[in-house]
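In each ligand, atom 1 is the first atom listed, and ligand 1 is the first ligand listed. Residue indices begin at 1 and follow the sequence shown.
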Amino acid sequence: MTPFQIAPEFQPDGRRSADAALDLIAQAHSTGFHRFEWTFLNGEGGKVIVDVSLMPITIKGQVMLYATWRDITERKEAEQKYKELNGWLARSNADLEQFAYVASHDLQTPLRNIVRYAQLLEHRYKNRLDADADVFIGFVVDSGKHMTRLINDLLEFSRVSRQSEPLKPISAGEALAQALKNLDLELVTTGAEVKVGDLPTVVADQTYLVSLFQNLLGNGLKYRAPDRKPVLSVSAERVSFDSWRFSVADNGIGIEPQYHDKIFEIFQRLDPASNAEGTGIGLTLCRRIVHRFGGNIWLKSEPGTGTTFFFSLRDGSAAA
Ligand code: ADP
């Protein structure tokens with residue numbers, strides 16, 4: 001049988017096999033070499049995908065076609081499965097983000113009403129009901145306010161990937177300067193000292209790079225040791241031709257090793273009763289931001305001495 005007799009009537013791109021084959025052969029003759037994918041039928045009516053190379057050769061004055069077929073059916077099937085799985089993951093991720101957004105957005109209005117009416121009760125009926133009632137209403141108001149903060153944070157979290165600008169070269173030094181400006185009040189009131197090394201241009205998004213620095217430095221101030229002045233330092237080290245490792249170090253209270261993973265989870269705090277304000281979303285945001293930039297984030301810490309957060313970012317100078 002000739003190769004044409006074991007081809008299906010049509011190729012996957014819709015062309016009639018007989019016409020396509022003549023075209024491909026003509027191309028091989030005109031260019032001297034042609035490589036393409038082709039579909040055959042196997043004996044059981046199934047398909048075999050092959051990678052074909054055609055090369056005209058002259059033997060004893062006669063032009064013939066030298067052809068090799070490599071069976072790539074398994075590879076193509078694996079690629080197809082991989083594509084389907086990827087598509088499924090992307091859809092499932094998008095669904096989850098949409099869910100977080102809608103849930104947090106739609107919960108805002110009823111919650112606002114609960115807080116508002118609980119506050120009204122508090123103002124109008126304080127000392128007019130019994131003492132227990134005043135305490136209970138106080139709990140409702142406080143919990144409502146706490147939930148409002150959680151929901152706002154959840155919204156902010158879902159925004160990081162929903163409203164993402166395309167990544168571009170950003171000066172890390174400028175982003176850090178902006179973060180320090182935003183933290184000015186905290187820096188002054190804590191009397192902190194900040195040391196900054198040379199910082200490169202990286203592939204990122206301005207707003208979120210500022211937010212990353214601000215969260216990490218803000219934590220360095222929030223979780224400072226009570227007996228010493230906070231010292232924060234930021235530096236970057238090149239680790240390969242296209243990537244940098246940043247470090248943001250503090251001399252604060254430190255974090256026990258068993259919590260190093262847990263603190264990146266949403267709403268996880270080590271000591272919620274402590275005076276430090278927060279809901280436990282800061283580091284979750286940091287991790288999401290770094291992942292979006294294509295990097296990783298991790299930490300080293302010695303309880304009682306301080307913590308250093310590391311994150312990797314791609315070099316942006318070539319792209320600039
Ligand atoms: P939040 O600060 O709102 O609690 P984060 O997600 O930023 O939320 O941090 C989670 C927890 O990790 C904090 O509650 C704190 O216990 C711990 N933590 C974060 N950064 C530091 C730090 N630099 N030093 C000590 N503990 C920290």
Side-chain angles (χ1 to χ4, degrees), residues 100 104 142-161 175-176 178-180 182-197 207-236 245-293 295-312:
S104 41
D142 287 348
S143 302
K145 284 183 180 162
H146 183 209
M147 197 164 162
T148 306
R149 280 199 302 276
L150 291 176
I151 284 181
N152 285 340
D153 283 350
L154 202 56
L155 257 178
E156 174 61 24
F157 177 69
S158 71
R159 266 190 206 118
V160 174
S161 32
L176 177 69
Q178 182 60 49
L180 290 172
N182 298 348
L183 286 168
D184 194 43
L185 184 68
E186 289 90 334
L187 288 165
V188 171
T189 50
T190 57
E193 183 189 340
V194 185
K195 300 175 185 168
V196 180
T207 312
Y208 289 119
L209 189 57
V210 173
S211 169
L212 176 63
F213 280 128
Q214 194 172 327
N215 269 302
L216 294 178
L217 293 168
N219 278 351
L221 298 175
K222 264 201 289 187
Y223 303 105
R224 64 186 178 273
D227 59 341
R228 53 187 180 261
K229 191 181 71 165
V231 179
L232 307 174
S233 45
V234 183
S235 59
R245 185 181 60 218
F246 283 73
S247 56
V248 177
D250 65 52
N251 63 340
I253 56 174
I255 302 167
E256 303 274 352
Q258 67 267 34
Y259 301 121
H260 287 192
D261 289 331
K262 188 178 162 191
I263 52 169
F264 286 105
E265 287 168 23
I266 197 161
F267 300 143
Q268 290 292 338
R269 313 195 67 208
L270 301 187
D271 183 12
S274 80
N275 288 332
E277 276 198 8
T279 57
I281 200 147
L283 290 176
T284 316
L285 272 179
C286 289
R287 187 173 60 175
R288 176 157 269 216
I289 291 169
V290 172
H291 283 176
R292 247 211 81 217
F293 294 168
N296 265 319
I297 184 165
W298 67 101
L299 69 132
K300 267 192 192 150
S301 180
E302 202 167 314
T305 308
T307 307
T308 305
F309 281 91
F310 298 96
F311 55 91
S312 53

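- No side-chain donor from either of Asn152 and Glu156 sits under 3.5 Å from a side-chain acceptor of the other.
- A donor-acceptor pair is defined here as one N or O able to donate and one able to accept, closer than 3.5 Å; such a pair exists between the side chain of Arg269 and the backbone of Gly278.
- Ranking the protein heavy atoms by distance from atom 14 (O) of ligand 1 puts Tyr223 OH, 3.1 Å first.
- The N/O atoms of Asp250, backbone and side chain alike, include one that comes under 3.5 Å of an N/O atom in ligand 1.
- Nearest protein neighbour of atom 9 (O) of ligand 1, counting heavy atoms only, is Leu283 CD1, 3.6 Å.
- Of the candidates Thr148, Leu150, Asp142, Leu150 is the only one forming a side chain to side chain contact (heavy atoms under 4.5 Å, CB included) with His146.
- Ligand 1 has no atom lying under 4.0 Å from any heavy atom of Gly252.
- For the pair Asn296/Phe310, no side-chain contact is recorded, criterion being any heavy-atom separation below 4.5 Å from C-beta on.
- Which parts of ligand 1 touch Thr307 is read off a 4.0 Å heavy-atom cut-off, strictly below it: atoms 24 (N).
- Close N/O approach between Gly278 and ligand 1 is not found [any backbone or side-chain N/O within under 3.5 Å].
- If you check each of Asp153, Asn219, Asn215 against atom 20 (N) of ligand 1, the one with the closest non-hydrogen atom is Asn219.
- No donor-acceptor pair under 3.5 Å is formed between the side chain of Asp153 and the backbone N or O of Gly282.
- When only interatomic distances are considered, the shortest N/O to N/O separation between Phe309 and ligand 1 does not fall below 3.5 Å.
- For Arg224 (side chain) and Leu221 (main-chain N/O), a donor-acceptor pair under 3.5 Å exists by modelled atom type.
- Within ligand 1, counting atoms from 1 as listed, the ones closer than 4.0 Å to a heavy atom of Gly254 are 25 (C).
- Below 4.0 Å from some heavy atom of Gly280 lie the following atoms of ligand 1, by number and element: 1 (P), 3 (O), 4 (O), 6 (O), 8 (O).
- Checking only distances, Ile255 never comes within under 3.5 Å of ligand 1, N or O to N or O.
- Looking only at protein heavy atoms, the nearest one to atom 12 (O) of ligand 1 is Ile263 CG2, 3.2 Å.
- In this structure the side chain of Phe309 reaches within 4.5 angstrom of the side chain of Leu283, judged on heavy atoms.
- No side-chain donor-acceptor contact under 3.5 Å links Thr307 to the backbone of Ser301.
- Contact atoms of ligand 1 toward Lys222: 1 (P), 2 (O), 3 (O) (distance under 4.0 Å to a heavy atom of the residue).
- The backbone N or O of Phe264 lies less than 3.5 Å from a partner atom in the side chain of Thr284, making a donor-acceptor pair.
- Taking every non-hydrogen atom of Leu270 and a distance limit under 4.0 Å, the qualifying atoms of ligand 1 come out as 14 (O), 16 (O).
- A donor-acceptor pair under 3.5 Å is absent between the side-chain atoms of Ser211 and the main chain of Thr207, judged by distance alone.
- Considering backbone and side-chain N/O of Gln268, none are found under 3.5 Å from N/O of ligand 1.
- The shortest heavy-atom contact between Pro230 and Thr190 is CD-O, 3.4 Å.
- Distances below 4.0 Å separate heavy atoms of Ile281 from the following atoms of ligand 1: 6 (O), 8 (O).
- Closest protein heavy atom to atom 4 (O) of ligand 1: Arg269 NE, 2.5 Å.
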